[in-house]
Amino acid sequence: MSNKKNNVKSKDPVLSLLSGTLAGGIEGIATYPTEYVKTRLQLQAGGKLQAGEIKFKGPVDCLLKTVKNHGLGAIYTGVSALAIGNAAKAGVRFLTYDQIANTLRDKDGKLSGMRSMLAGLGAGMTEAILVVTPSETIKTKMIDDKNSLSPRYKGLMHGTKTIIAEEGIGGIYRGLGPVVARQGANSAIRFTSYSYFKSALLTFRGKGDEPLPSAHTFAAGAMAGIVTVYTTMPLDVVKTRMQGLEARTLYRNSLDCLIKLFKQDGIFSLWKGTTPRLTRLIFSGGIVFTVYEKVYSGLDLLTH
């Protein structure tokens with residue numbers, strides 16, 4: 001395929017992978033406390049608490065009580081799994097999205113909203129299978145274990161080995177269905193929203209295709225994060241519940257989990273943990289797209 005379509009340059013796969021990986025790692029570490037709080041609240045959504053576990057009233061209560069009872073380091077429980085997974089999934093996501101988008105561009109090099117959504121869907125499903133499901137399952141189980149009366153996992157490697165030894169390789173692929181659905185929807189909506197807001201800001205500035213300042217890129221990514229959260233939250237809640245330590249005894253499958261959550265706690269339980277996830281994705285979207293754009297531009301200058 002030609003490197004250019006009517007002066008629209010195709011994305012280099014190596015640069016996409018490197019830029020996405022770095023952006024994902026930075027974003028994962030920077031926003032992890034909000035991910036921790038979201039996960040704890042979702043694990044409590046079904047009303048079943050671990051022995052000795054404290055019931056939280058909301059995100060702030062969860063954060064304060066966790067730090068008070070377990071120390072500041074507790075809100076970074078499982079960060080290794082998520083940071084490594086985040087770096088890998090962002091690398092896979094941007095690589096896959098850029099290459100699918102390169103293929104789907106029209107003869108003028110433009111990518112329509114629907115084609116951007118298809119590229120995002122493909123990217124999200126790919127990252128879900130290769131990276132997201134195992135990394136998030138391990139993270140969720142480690143958080144759940146840490147807050148039980150007798151924690152068993154001594155760290156990322158020990159926890160992973162224990163899960164696989166007891167449950168087989170399928171143990172780190174719990175909730176694959178909802179993860180694929182969530183990541184596919186996440187990326188489809190996120191990339192499409194980001195492209196829309198980025199185009200709107202480019203038009204507003206009136207300087208053609210001149211790269212946006214970091215503040216504008218951050219704003220476009222943050223707004224895309226807001227749209228993504230509210231449209232995909234139920235999938236995220238089901239995913240988290242399916243990855244908890246008690247999931248095998250509580251739910252037959254993802255649909256059974258969804259029905260039980262709805263019956264026991266009502267429709268709004270499917271948006272449990274929205275506030276911390278919204279906080280995370282606002283900053284996540286801003287950080288990951290800004291870092292990606294800047295790193296890609298820098299690497300592109302160095303290699304051409």
Side-chain angles (χ1 to χ4, degrees), residues 1-31 82-112 115-132 135 183-184 186-199 201-202 207-222 224-225 228 283-304:
M1 186 175 75
S2 172
N3 283 338
K4 292 187 178 182
K5 285 185 179 181
N6 288 8
N7 296 323
V8 177
K9 190 175 182 180
S10 296
K11 290 293 184 78
D12 183 286
V14 175
L15 299 190
S16 292
L17 180 62
L18 291 174
S19 303
T21 299
L22 183 59
I26 292 171
E27 177 267 318
I29 294 171
T31 62
L82 186 115
I84 294 169
N86 223 51
K89 79 178 181 181
V92 170
R93 179 195 309 144
F94 279 102
L95 169 64
T96 309
Y97 176 82
D98 286 341
Q99 296 315 299
I100 295 176
N102 285 343
T103 304
L104 294 178
R105 292 186 189 280
D106 62 23
K107 59 184 176 61
D108 296 319
K110 295 181 180 179
L111 191 68
S112 67
R115 291 186 179 192
S116 177
M117 184 173 288
L118 286 173
L121 181 65
M125 293 176 72
T126 301
E127 68 175 286
I129 295 168
L130 296 180
V131 181
V132 180
S135 68
Q183 290 305 119
N186 265 359
S187 289
I189 294 168
R190 204 173 191 185
F191 276 108
T192 304
S193 300
Y194 175 72
S195 296
Y196 172 80
F197 291 126
K198 182 181 176 181
S199 296
L201 288 171
L202 283 169
K207 296 184 178 181
D209 291 328
E210 179 183 315
L212 290 171
S214 295
H216 288 197
T217 305
F218 190 97
T228 303
F283 287 100
S284 164
I287 292 168
V288 78
F289 281 110
T290 301
V291 173
Y292 172 79
E293 299 275 12
K294 294 302 178 186
V295 172
Y296 189 96
S297 296
L299 291 174
D300 196 35
L301 285 174
L302 288 173
T303 55
H304 292 88

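Treat the numbers as computed from the prediction; the structure is a model and nothing was measured. The figures that follow rest on heavy atoms only: side chains count, while hydrogens, waters and symmetry mates do not.
Across all their heavy atoms, Leu202 and Gly208 have their closest contact at CD2-O, 3.7 Å. Minimum heavy-atom separation, Glu293 to Lys198: OE2-NZ, 3.1 Å. Nearest heavy atoms, Leu95 versus Pro13: CD1-O, 3.3 Å. Between Ile29 and Ala83 the shortest heavy-atom distance is CG1-CB, 3.8 Å. In terms of heavy atoms, Ala88 sits closest to Val131 at CB-CG1, 3.7 Å. Shown here for Ser187 and Glu127, the closest heavy-atom pair between the two residues is OG-OE2, 3.1 Å.
Of the possible polar contacts, one joining the Asp106 side chain to the Asp108 backbone as a donor-acceptor pair under 3.5 Å is found. Remark: the backbone N or O of Gly20 is not paired with any side-chain donor or acceptor of Tyr296 at under 3.5 angstrom. Panel note: side chain Gln99, backbone Lys11; a donor-acceptor pair is recorded below 3.5 Å. The backbone N or O of Ile287 sits nowhere less than 3.5 Å from a side-chain atom of Thr290 that would complete a donor-acceptor pair.
The structure places CG of Leu15 at 9.5 Å from CG of Leu302, a figure rounded to the nearest 0.5 Å. The structure places CD1 of Ile84 at 12.5 Å from OG1 of Thr21, a figure rounded to the nearest 0.5 Å. The CZ atom of Phe197 sits 11.0 Å away from atom OG1 of Thr192, with the distance rounded to the nearest 0.5 Å. Here the straight-line distance linking atom CG of Asn102 with atom OG of Ser16 works out to 7.5 Å at 0.5 Å rounding. Atom-to-atom distance recorded for Asn86:CG and Thr31:OG1 is 6.5 Å, nearest 0.5 angstrom. To the nearest 0.5 Å, the span separating CG on Leu299 from CG on Asp12 amounts to 9.5 Å.
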Go through the steps to decide whether Thr96 and Met125 satisfy the test side chain to side chain contact (heavy atoms under 4.5 Å, CB included), and finish with yes or no. CA-CA 10 Å; Thr96 309; Met125 293 176 72; over 6 Å; no
As a quick check of understanding, evaluate side chain to side chain contact (heavy atoms under 4.5 Å, CB included) for Val288 and Arg190, giving each step before the final call. CA-CA 12 Å; Val288 78; Arg190 204 173 191 185; 4.2 Å; yes
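For Phe289, the ring pair (Phe, Tyr, Trp, His ring centres under 6.0 Å) partners at least two apart in sequence or on another chain are Phe94, Phe191, Tyr194. For Ser195, the side chain to side chain contact (heavy atoms under 4.5 Å, CB included) partners at least two apart in sequence or on another chain are Tyr97, Ser116.
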